[in-house]
Amino acid sequence: EQNKLSEQVPNFRDSEVGLVYSDVKYFNSKGVNRKNSSTFAPIQGRCFSLLLKNIFKFPITTASVIFRSEVLTDKIIDTPPKLVPLRDADLFIRIAYGWKLKYVKNSLAKIRIHPFQRSITEKNLFYEEWERNIKNYENLIPNFKSKYSEELDILSKYTAIIKAKYLWSISNSKKARLVLKKYYLVDKKCFMIYFLTFFSEKYIRAILNFIRNDVKPEI
């Protein structure tokens, strides 16, 4: 959007703000569209812990982000050079560890969803990356396991779910259920996914997309 910088840059007058993001609009080839904010509650300020706790509905979309160059000098930002689909979310979480984040409610970017995105075609990279991210946080952040034990449990559950979904999508439902074994009796979302793995992932996904009329890639 033409007014993206004019709406976001003034937020850096606060010297503690390291990153500013906004709402975005998603659309697909069928003309269906929605705002990102329809699926999450905006998070801002000193929000490292909150971002981890809200990993299931992560609010920050890369196309909406601008940040200070100084954030890249922080030790916690130092990561392997290989780029993967979730490196952006990991980066924003790391920035939030040392800086404030600011949210602009206007939709300042548009994103087209299509079937050939890496986030769709290479789903295995998602759970593999979060397994690495968790290990990195434990190594880089003092007392991460004890200080952020609740957040760690949420991240571990999130990783188990996306791993199970991937296994389900490649018709390895039995292994998907094993991944969810630790959580499905104590978490409703895990139980629902566990139950659904007894059916075809392709057709369950088609039914859910039809019911929601959501912005999803065509099957």
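- One distance of note links CD1 of Ile93 with CG of Asp88; it measures 10.0 Å at 0.5 Å rounding.
- Taken from CD in Glu128 to OG1 in Thr159, the straight-line distance is 11.5 Å, to the nearest 0.5 Å.
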Could you walk me through whether Val24 and Ser107 pass side chain to side chain contact (heavy atoms under 4.5 Å, CB included), step by step? CA-CA 4 Å; Val24 302; Ser107 299; 5.7 Å; no
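- Across every non-hydrogen atom of Ala164 and Ala176, the tightest pair is O-CB, 3.4 Å.
- For Ser173 against Trp168, the heavy-atom pair with the smallest separation is OG-CD1, 3.4 Å.
- Hydrophobic clustering of Ile, Leu, Val, Met, Phe, Trp and Tyr side chains at less than 4.5 Å, counting indirect connections, unites Leu180 with Leu185.
- Counted by atom type alone, Tyr137 and Asp90 present one or more donor-acceptor pairs between their side chains at under 3.5 Å.
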Run the side chain to side chain contact (heavy atoms under 4.5 Å, CB included) check on Leu101 and Val20 step by step: do they pass? CA-CA 6 Å; Leu101 271 55; Val20 181; over 6 Å; no
If you apply the rule side chain to side chain contact (heavy atoms under 4.5 Å, CB included), what do you find for Ile141 with Asn136, and how did you get there? CA-CA 8 Å; Ile141 298 173; Asn136 287 336; over 6 Å; no
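- The structure places NZ of Lys175 at 8.0 Å from CD1 of Ile170, a figure rounded to the nearest 0.5 Å.
- A donor-acceptor pair under 3.5 Å is formed between the side chain of Gln8 and the backbone N or O of Ser64.
- Tyr183 and Ile55 end up in different hydrophobic clusters when Ile, Leu, Val, Met, Phe, Trp and Tyr side chains are linked at under 4.5 Å.
- Residues Ile43 and Pro59 share a closest heavy-atom pair of CD1-CG, 4.1 Å.
- Residue pairs meeting the salt bridge (charged side-chain N to carboxylate O under 4.0 Å, His left out) criterion with at least one member in residues 14-28, sequence neighbours excluded, are Asp14-Lys100, Glu16-Arg46, Glu16-Lys100.
- Side-chain polar atoms of Tyr26 and Thr61 form a donor-acceptor pair below 3.5 angstrom.
- Transitive grouping of hydrophobic side chains (ILVMFWY, heavy atoms separated by less than 4.5 Å) keeps Leu178 and Ile193 in distinct clusters.
- Under a 3.5 Å cut-off, the side chain of Arg68 and the backbone N or O of Leu19 do not form any donor-acceptor pair.
- Leu152 and Val186 sit in two unconnected hydrophobic clusters of ILVMFWY residues. Membership requires side-chain heavy atoms under 4.5 Å apart, directly or through other members.
- The minimum heavy-atom distance linking Pro10 with Leu5 is given by the pair CD-O, 3.8 Å.
- The aromatic rings of Phe40 and Tyr21 sit tilted relative to each other, their planes meeting at an angle between 30° and 60°.
- Applying the salt bridge (charged side-chain N to carboxylate O under 4.0 Å, His left out) test to residues at least two apart or on different chains, the pairs with a partner in residues 179-200 are Lys157-Asp187.
- Distance alone, capped at 3.5 Å, is enough to place a donor-acceptor pair between the Asn54 side chain and the Leu50 backbone.
- Atom CG of Leu51 sits about 14.0 Å away from atom OH of Tyr97, to the nearest 0.5 Å.
- For Tyr148 and Phe48, the gap between ring centers is short of 6.0 Å.
- For Gln44 (side chain) and Tyr103 (main-chain N/O), a donor-acceptor pair under 3.5 Å exists by modelled atom type.
- In this structure, Phe126 has its ring center at least 6.0 angstrom away from the ring center of Tyr166.
- Checked by atom type and distance alone, the side chain of Asn11 never pairs as donor or acceptor with a backbone atom of Val17 at under 3.5 Å.
- Atom CZ of Phe195 sits in a sparse spot, with 12 or fewer heavy atoms from other residues, nucleotides or ligands closer than 6.0 Å.
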Going through the checks in order, is the salt bridge (Lys or Arg N to Asp or Glu O under 4.0 Å) test met by Glu138 and Lys135? CA-CA 5 Å; Glu138 292 174 352; Lys135 290 180 181 178; over 6 Å; no
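- Residues Glu151 and Ser49 have side chains that bring a donor and an acceptor to within less than 3.5 angstrom of each other.
- In this structure, Arg94 contributes its side chain and Ile76 its backbone to a donor-acceptor pair below 3.5 Å.
- Between Tyr194 and Phe198, the ring planes are perpendicular. Angles over 60° get that label, and only those under 30° would be called parallel.
- Of the possible polar contacts, none joining the Ser22 side chain to the Val104 backbone as a donor-acceptor pair under 3.5 Å is found.
- Checked by atom type and distance alone, the side chain of Trp99 never pairs as donor or acceptor with a backbone atom of Gly45 at under 3.5 Å.
- Considering OG1 of Thr197 and CG of Leu167, their distance stands at 10.5 Å, rounded to 0.5 Å.
- Both Leu155 and Phe92 are members of a single hydrophobic cluster when ILVMFWY side chains are connected at heavy-atom separations under 4.5 Å.
- Residues Ile154 and Phe56 are in side-chain contact: their nearest non-hydrogen atoms beyond the backbone lie under 4.5 Å apart.
- Between Glu7 and Leu108, the closest side-chain pair of non-hydrogen atoms falls below 4.5 Å.
- Rounding to the nearest 0.5 Å gives a distance of 11.5 Å between NZ of Lys4 and CG of Asn106.
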